[in-house]
Amino acid sequence: MSKTVGIDLGTTFSLIAWVNPASGKPEVIPGPYGSPLCPSVVSLDEDGRIVAGEAARRRLLTQPDRTIYSVKRLMGRGVDDIQDELKIFPFRVDPESRNVIRVRLGDRFFTPPEISAYILREVKGWAEEFFHEPVTRAVITVPAYFNDAQRQATKDAGRLAGLEVLRLVNEPTAAALAYGLDREQRGRVAVYDLGGGTFDISILKLISAGEGDIYQVLSTCGDTHLGGDDIDNCLLALARDEIRRDLGLDLAEYPETIQDLRKALIAAKHELSHAAESNVRFLLPEGMAYVRHFTRAEFEELIAPIVEQTLAPARQALADAKLKPSEVDEVVMVGGSTRIPLVRQRVEELFGRKPHVELDPDEVVALGAAVQANILTAGVQDTLLLDVTPLSLGLETMGGVVSKLIPRNSTIPASAEELFTTGVDNQTGIDLHILQGERELARDCRSLARSRLSVQPGPAGMARIEVRFTIDASGILQVRARDLRTGEEQSIEVQPSYGLTDQEIERMLIESIDFAEQDFAERQLIEARNEAESILHATEKSLANPESGGLAPEEREQIEAAVAALREAMTGTDYRLVRSRIDELNQVTTPLAERMMNRAIAAALEGKRLAEI
């Protein structure tokens with residue numbers, strides 16, 4: 001039997017992990033660069049080849065129109081749902097998108113599950129290289145507050161990646177699994193999970209029962225489009241406004257520069273998590289420079305509204321669990337954004353205790369997914385996981401009112417049924433409208449499916465139709481209806497409004513075969529060439545800049561020779577030679593880059609001094 005893995009399909013990074021049978025402990029699997037973090041980025045080559053991970057992330061700077069990131073924010077959502085995202089992300093959505101969003105990369109269109117499948121396939125390849133055998137089964141984590149459509153989209157992505165998705169596990173629950181095993185902790189635990197694009201808060205009860213453990217989720221709440229991306233976009237908006245105001249330069253005309261600036265600001269954000277200040281020195285087009293000094297106090301004031309948005313769901317989760325903050329024994333921090341000191345401070349103030357940060361917040365969800373995968377496949381009997389459904393499920397009744405069959409925070413698997421009848425004489429059918437959400441009226445909830453059940457004509461109130469809702473362990477809904485008078489039973493296909501049909505998935509699977517199996521050496525060559533393209537692009541821009549006119553003839557000669565050598569190496573198949581030539585070009589261009597930056601910064605500071613005079 002092939003290995004079974006746990007996968008954290010993240011907004012910013014994705015990870016893959018397994019339980020090492022020798023130690024019985026979960027471990028993350030590193031990629032070709034030695035890091036277990038796979039950037040959740042996908043790019044389309046001009047020759048039609050798809051690349052994912054680190055190689056794709058580098059292309060954000062050189063080919064932004066062919067590259068996409070943060071696609072998790074689009075999973076299982078419709079065009080109307082993502083209007084806010086379209087304002088801040090460079091998503092190029094097909095205007096003819098209907099049920100499923102289609103995003104443009106180059107001259108082709110892809111759905112979010114397709115793009116996520118390439119990310120899953122990338123980390124799957126890491127594991128296959130690590131194990132030297134195929135990997136076909138996985139547990140994949142999702143934000144606890146993902147609705148049915150978003151969960152279905154994640155399962156579709158796994159299927160497209162060639163994986164049998166054994167279960168979807170809520171991210172905070174997975175983190176609690178890893179945390180509980182690591183610390184052997186018992187009691188009530190709050191898991192605060194602030195990732196790149198989503199926020200979740202779950203309250204769990206960890207219980208020792210005989211020889212085993214029970215992980216019972218008491219409540220969950222969150223926001224599926226709130227995370228570190230919003231902090232990055234806040235910094236980017238500030239920088240673009242200042243550049244437009246102070247330098248008269250609108251970066252809307254320079255998409256590559258925007259991505260480069262975003263990268264520099266993210267680096268400053270990371271620095272401010274462990275330092276009191278950070279300096280951004282960024283070279284702009286037309287020989288200008290953006291020089292900005294950030295203090296942690298200024299940064300915290302800027303992002304405070306975003307951090308505050310996480311506290312309302314946290315209070316709601318406590319209320320749903322019928323607990324006061326003081327009754328929570330432990331608080332666990334999950335997600336890269338929880339490294340920000342202000343986030344930890346506000347969480348500590350809310351719960352009245354220091355949160356636990358011992359486990360790597362980037363890795364803990366993947367480790368928990370691996371634990372659950374091991375439970376499902378290795379016959380582990382001493383751990384029971386009781387998760388909950390995040391949103392209520394029900395049916396539309398007379399007057400457009402919602403009748404809730406399964407309320408939110410119900411332990412899953414779960415089932416419920418309700419009887420329906422006819423409202424007028426000789427009615428021949430009953431319309432069933434299946435909904436998900438907390439509002440009282442159908443128009444304010446998410447529509448999951450519609451179906452019409454035939455009934456025998458008769459007096460009003462004669463028909464007896466039993467509708468049964470069943471939620472599986474992955475939080476996905478199935479609906480059956482039975483006519484109690486005739487015994488006829490019908491299964492209702494709950495195809496979410498923004499889900500893929502079986503036919504669409506089959507077509508995508510066939511189309512993806514060409515890209516499914518890339519051997520390790522070929523991938524290394526692709527990544528080396530992508531890195532080479534990036535440095536060549538930057539070098540050519542620098543040489544074309546008027547500021548490079550001060551180059552000595554021998555310096556320019558050295559650079560041009562290194563460029564030619566790298567281009568020649570790229571035509572071959574030796575990735576080691578390509579990387580060697582990249583290093584050589586980096587060495588000869590370093591003095592040029594330093595001189596240009598120093599001149600631009602000097603000019604910017606002089607301009608600022610004159611403006612103050």
Side-chain angles (χ1 to χ4, degrees), residues 73 75-78 80-84 142-154 168 170-173 190-194 197-204 216-227 308-323 386-418 420 432-450 467-472 474-479 492 494 496-499:
R73 297 182 79 134
M75 292 285 277
R77 304 178 72 197
D80 291 342
D81 297 330
I82 64 165
Q83 292 308 306
D84 289 341
V142 293
Y145 225 55
F146 256 22
N147 61 33
D148 193 70
Q150 291 167 309
R151 291 170 189 268
Q152 288 280 12
T154 304
L168 299 178
N170 290 342
E171 289 164 1
T173 308
V191 182
Y192 177 102
D193 182 356
L194 184 60
T198 58
F199 169 69
D200 283 311
I201 176 79
S202 289
I203 312 295
L204 300 95
Q216 180 183 5
V217 181
L218 302 178
S219 66
T220 192
C221 201
D223 189 330
T224 57
H225 45 282
L226 174 67
E308 290 301 311
Q309 284 182 58
T310 68
L311 300 183
R315 294 186 184 99
Q316 183 63 56
L318 284 166
D320 290 341
K322 298 179 174 58
L323 293 173
L386 300 174
D387 217 328
V388 298
T389 180
L391 297 163
S392 300
L393 291 153
L395 288 162
E396 181 178 0
T397 56
M398 292 286 288
V401 175
V402 180
S403 172
K404 293 174 182 173
L405 273 72
I406 299 180
R408 67 191 173 96
N409 289 319
S410 297
T411 300
I412 57 174
S415 64
E417 61 275 328
E418 189 164 314
F420 289 83
L432 294 180
H433 185 196
I434 301 164
L435 300 155
Q436 185 171 36
E438 306 311 314
R439 303 288 292 276
E440 298 302 318
L441 298 180
R443 67 166 185 259
D444 298 320
C445 293
R446 179 174 290 276
S447 172
L448 295 183
R450 292 178 182 269
V467 179
R468 185 177 186 83
F469 279 25
T470 303
I471 306 178
D472 65 17
S474 294
I476 292 176
L477 175 67
Q478 296 173 325
V479 179
I492 301 171
V494 183
S497 304
Y498 308 116

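Computation of the quantities below employed the complete heavy-atom set of this structure, encompassing side-chain atoms and omitting hydrogens, waters and symmetry-equivalent molecules.
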>> Before you tell me yes or no, could you show the steps for Glu418 and Val467 under side chain to side chain contact (heavy atoms under 4.5 Å, CB included), namely the whole-Å CA-CA distance, both residues' side-chain angles and the distance that decides it to 0.1 Å?
In response: CA-CA 5 Å; Glu418 189 164 314; Val467 179; 5.6 Å; no

>> If I compare all heavy atoms of Leu204 with all of Pro172, which pair ends up nearest, and what's the gap?
In response: CD1-O, 4.5 Å

> Do Phe420 and Leu395 touch side chain to side chain, with heavy atoms closer than 4.5 Å?
Replying inline: yes

>> Test side chain to side chain donor-acceptor pair (under 3.5 Å) on Gln478 and Thr470; report intermediate values, then the result.
In response: CA-CA 5 Å; Gln478 296 173 325; Thr470 303; 5.7 Å; no

> So do the side chains of Val402 and Arg439 get within less than 4.5 Å of each other, counting heavy atoms only?
Replying inline: no

>> Strictly by salt bridge (Lys or Arg N to Asp or Glu O under 4.0 Å), give each pair with a member in residues 391-402 just once, sequence neighbours left out.
In response: none

> How far apart are the closest heavy atoms of Thr154 and Phe146, and which atoms are they?
Replying inline: OG1-CE2, 3.7 Å

>> Check Arg446 with Glu438, please: is the shortest side-chain N to carboxylate O separation under 4.0 Å?
In response: no

> Are any non-hydrogen side-chain atoms of Leu448 and Val479 less than 4.5 angstrom apart?
Replying inline: no

> If only atom types and distance count, is the side chain of Gln436 paired as donor or acceptor with the main-chain N or O of Asn147 below 3.5 Å?
Replying inline: no

> How would you list, by chain and number, every residue that makes a salt bridge (charged side-chain N to carboxylate O under 4.0 Å, His left out) with Arg468, sequence neighbours excluded?
Replying inline: Glu417

> Who passes side chain to side chain donor-acceptor pair (under 3.5 Å) against Asp223, sequence neighbours left out?
Replying inline: none

> Hey, what do you get for CG (Leu391) to CG (Leu435), rounding to the nearest 0.5 Å?
Replying inline: 12.0 Å

>> If the condition is side chain to side chain contact (heavy atoms under 4.5 Å, CB included), which residues does Ser219 pass it with, not counting sequence neighbours?
In response: Ile203, Ala317, Asp320, Ala321, Asn409

> Can you name the residues that form a side chain to side chain contact (heavy atoms under 4.5 Å, CB included) with Ala314, not counting sequence neighbours?
Replying inline: Ile201, Leu350

>> Between Leu218 and Leu323, is there a side-chain heavy-atom distance shorter than 4.5 Å?
In response: yes

> Can you name the residues that form a ring pair (Phe, Tyr, Trp, His ring centres under 6.0 Å) with Tyr145, not counting sequence neighbours?
Replying inline: none

> Considering only heavy atoms from C-beta outward, does the side chain of Val142 approach that of Met75 to under 4.5 Å?
Replying inline: no

> OG/Ser410 to NZ/Lys404 distance, rounded to the nearest 0.5 angstrom?
Replying inline: 11.0 Å

>> For a quick check under 3.5 Å, do Asn170 and Arg151 share a side-chain donor-acceptor pair by atom type?
In response: yes

>> Please find the pair of heavy atoms, one from His433 and one from Ser447, that lie closest to each other, and give the distance.
In response: NE2-OG, 2.9 Å

> What are the two closest heavy atoms between Thr220 and Ser202, and how far apart are they?
Replying inline: OG1-OG, 2.9 Å

>> I'd like to know if the side chain of Ser403 and the backbone of Gly394 have a donor-acceptor N/O pair within less than 3.5 Å.
In response: no

>> Quick check on side chain to side chain contact (heavy atoms under 4.5 Å, CB included): which of Ile406, Val388, Asp148 does Ile471 satisfy it with?
In response: Ile406

